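Counting convention: from 1, in listed order, for ligands and their atoms alike. Along the sequence shown, the residues carry numbers beginning at 1. The shown structure was predicted, so the numbers you read here are calculated from the model rather than taken from an experiment.
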Amino acid sequence: MTSESLTRSLELFAQASCHVPLGDGAVWLRGFARSRGGELIDALHGVAREAPLRHMATPGGSTMSVAMTNCGAVGWVSDRQGYRYDPTDPGSGRCWPAMPPPFVDLATRAACAAGFPGFEPDACLINRYEPGARLSLHQDKNERDLRSPIVSVSLGLEAVFLWGGRRRGDRPRRVPLVHGDVVVWGGPARLAFHGVMPLPEGTHPLTGRARYNLTFRHAI
Ligand code: MD3
Ligand code: FE
């Protein structure tokens, strides 16, 4: 093998992504966003400058360990009153920033690759996990249209994602999500219970001591 073809093979290997079915309606697109990681993180920081990441209150009276913000026509918010999609940022009273073009492009291409052509996200929730932050098992059911999928993009530090069944008591499967992984959840998987284990200590070259997750939704 020539050194040129070896270099090319290594490049292809480094860029490769692969489809892993996680069960009915859920597809893990490993590495799908990796080559766009830097661009997505830059765009994310642009959104967070307009609408800062913050720890929201829960209806139960605690504060979430995950910090959140949003972009798009509506954003997911939580406070003592409950969970909802809101066209304005309660922190500033202004509209959420528009979805950056690289976000829209990635989300629609991932949905297509997973068998959901025509996905038009109108909400993107941005989650930031620092070491120790976690998300307990829950369902996403605040979206009006449960026929649309949710596209999730992981950036920065690795986390263990818990993929449960249709009932809270089902034993969850552990999925290690790394920088650049995308998961698309639709159809029968749409109402599955899921969560994220506490983030271990670490640093990532592009995000430092943090993991970010983008979830694209058709919410209104
Ligand atoms: C399965 N976020 O923001 S994304 C959330 O890594 C959330 O920040 C996690 O769960 C995170 O609500 C996991 C994966 C995900 C998102 C939505 C789903 C999995 C899902 C909806 C239905 C089933
Ligand atoms: Fe969720």
Please determine if Arg211 forms a cation-pi arrangement with Tyr129, meaning its NZ or CZ atom is less than 6.0 Å from the six-membered ring centre and no more than 45° off the ring axis.
yes
Under the side-chain hydrogen bond (donor to acceptor under 3.5 Å, both in side chains) criterion, do Asp181 and His179 qualify, and how do the steps go?
CA-CA 6 Å; Asp181 282 0; His179 176 71; over 6 Å; no
I'd like the residue list for ligand 1, meaning every protein residue with a non-hydrogen atom under 4.0 Å from the ligand.
Leu125, Asn127, Tyr129, Leu135, His138, Asp140, Ile150, Ser152, Phe161, Trp163, Trp185, Ala189, Arg190, Ala192, His194, Val196, Arg211, Asn213, Thr215, Arg217
Restricting to N, O or S atoms, which atom of His194 is closest to the Fe ion (ligand 2)?
NE2
Is a donor from one side chain sitting under 3.5 angstrom from an acceptor on the other, for Arg217 and Tyr85?
yes
Here the N/O/S atom of Asp140 closest to the Fe ion (ligand 2) would be OD1
Answer yes or no: is there an ion pair linking Asp145 with Arg190, defined by an N-O contact shorter than 4.0 Å?
no
With respect to Trp76, which candidate in Thr215, Asn142, Asp86 satisfies the side-chain hydrogen bond (donor to acceptor under 3.5 Å, both in side chains) definition?
Asn142
How long is the span from the OG atom in Ser35 to the CG atom in Leu106, to the nearest 0.5 Å?
8.5 Å
Are the aromatic rings of Trp28 and Trp185 close, with centres under 6.0 Å apart?
no
